[in-house]
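All values below were derived from every heavy atom in this structure, side-chain atoms included, with hydrogens, water molecules and symmetry-related copies excluded. Keep in mind the model is a prediction, meaning the values are calculated, not measured.
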Amino acid sequence: MTLKMDGRGTGFGVLSTCHSLVDLDGALSGDPIEVAALEGVGWTYDAEAEVAKPSTDRKALTDKGGGSAVTSAHIKHRFHFASALQRMAVVAEVRMSGKPAGLEGGPGLYCLVKGSPEALGPLLAEGAMPAWFEGCYVELAERGLRVLALAYRRMDNRTWNDGSKPAREEVETGLRFAGFIGFECRSRADSPLVIGALRESDHQAAGALPAMLREGARGHPALESLLRTARCWQREQ
């Protein structure tokens, strides 16, 4: 797992709260990447209460770079991941102690968003996109990582608590950039063998990858092997 944050540790709060994890027999269950991300940044999540908190081990948290004034984030609403939108978001009540750090504006209601860099880029507020935005996520993708962008914005408590909850497109706009996270998603070791067996049995094998991931496969032995074995259809992101 590779983190490229904005220097204020904001991304840790976004990453630890913007997910769809549930409790299953006393253990967190859901997307393995979301489970790994939560463990990787040293936060905990109470699925029943829907509250995320930073680790109480301050040394471990500081070593991970996640020290901040945020004490908890309570999920109020989820806008679940939509493949067409390439993102998900949550509305959360964020509590802080001491001097506010990271999330600008202090404690309150926030929209926390994660998704593909291409999807979140146009949703950032004017001037909120750093000069290194595109170059950074392209470099991570070319290393074969699955890259997600993280963003947030402060919301007016009254617009959410008065019963007239705004639409998704009204919430996911004017965002502040919080950072990138890159995951190494290894291909199964037996994938080339399976695809080869399918082709030998007169089955057509085809794979579909975004153009950026295909470029990122260069120099990655496992992915290059898959692309040689199966026909890869590019699609525009």
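With rounding to the nearest 0.5 Å, the separation of CD in E34 from CD in E39 is 12.5 Å. We find the CG-CD distance between L145 and E142 to be 11.0 Å, quoted to the nearest 0.5 Å. Of the inter-residue distances, the one linking T17 atom OG1 with W43 atom CH2 reads 5.5 Å to the nearest 0.5 angstrom. A distance of 8.0 Å separates OG in S116 from CG in L148, rounded to the nearest 0.5 Å.
Taking hydrophobic clusters as Ile, Leu, Val, Met, Phe, Trp and Tyr residues chained together by side-chain heavy-atom distances below 4.5 Å, L140 shares a cluster with M129. Placement of I33 and V90 within a single hydrophobic cluster is found when ILVMFWY residues are connected by side-chain heavy-atom separations under 4.5 Å, directly or transitively. A continuous path of Ile, Leu, Val, Met, Phe, Trp and Tyr side chains, each step under 4.5 Å between heavy atoms, connects V35 with L38, placing both in one hydrophobic cluster. The hydrophobic clustering, which links ILVMFWY residues whose side-chain heavy atoms are closer than 4.5 Å, places L120 and V138 together.
Side chain of H19 to backbone of S16: a donor-acceptor contact under 3.5 angstrom is found. In terms of modelled atom types and a separation under 3.5 Å, the side chain of E93 and the main chain of I75 share no donor-acceptor contact. A distance-only check finds a donor-acceptor pair linking the side chain of R153 to the backbone of T173 [under 3.5 Å]. Not one N or O on the side chain of R78 forms a donor-acceptor pair closer than 3.5 Å with the backbone of V91. The backbone N or O of L198 sits less than 3.5 Å from a side-chain atom of S201, completing a donor-acceptor pair. No donor-acceptor pair closer than 3.5 Å links the side chain of K53 to the backbone N or O of Y45. The backbone N or O of I181 sits nowhere less than 3.5 Å from a side-chain atom of R146 that would complete a donor-acceptor pair.
Nearest approach of A37 to F183, heavy atoms of both residues: CB-CZ, 3.9 Å. Closest approach of Y152 and A178 over heavy atoms only: CD2-CB, 4.1 Å. Taking every heavy atom of both residues into account, L150 and G11 meet most closely at CD1-O, 3.7 Å. Considering all non-hydrogen atoms of both residues, M88 and S20 come closest at CE-OG, 3.7 Å. The two atoms that bring G108 and R154 nearest to each other are CA-NH2, 3.8 Å, heavy atoms only. The minimum heavy-atom distance linking L124 with A151 is given by the pair CD2-CB, 4.1 Å.
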Go through it in stages, so that I can follow the logic: the residues are V171 and F79, the test is side chain to side chain contact (heavy atoms under 4.5 Å, CB included), and I'd like the CA-CA distance, side-chain angles, deciding distance and then a yes or no. CA-CA 10 Å; V171 175; F79 294 104; 4.1 Å; yes
Between R87 and E118, does a salt bridge (Lys or Arg N to Asp or Glu O under 4.0 Å) hold up when you go through it step by step? CA-CA 10 Å; R87 64 180 183 270; E118 298 89 344; over 6 Å; no
Please evaluate residues K76 and H74 with respect to the criterion side chain to side chain contact (heavy atoms under 4.5 Å, CB included), reporting the C-alpha separation (whole Å), side-chain torsions for both, the decisive distance (0.1 Å), and the verdict. CA-CA 6 Å; K76 298 291 188 180; H74 180 199; 3.6 Å; yes
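Taking the six-membered ring for Trp and the full ring otherwise, the centers of F133 and F180 sit less than 6.0 Å from each other. Two rings, from Y137 and W132, have their centers 6.0 Å or more apart.
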Under 3.5 Å, side-chain donor or acceptor atoms of residues 21-29 against the rest of the protein: list the pairs with distances, not counting sequence neighbours.
residue, atom, partner, partner atom, Å
D23, OD1, G26, N, 3.3

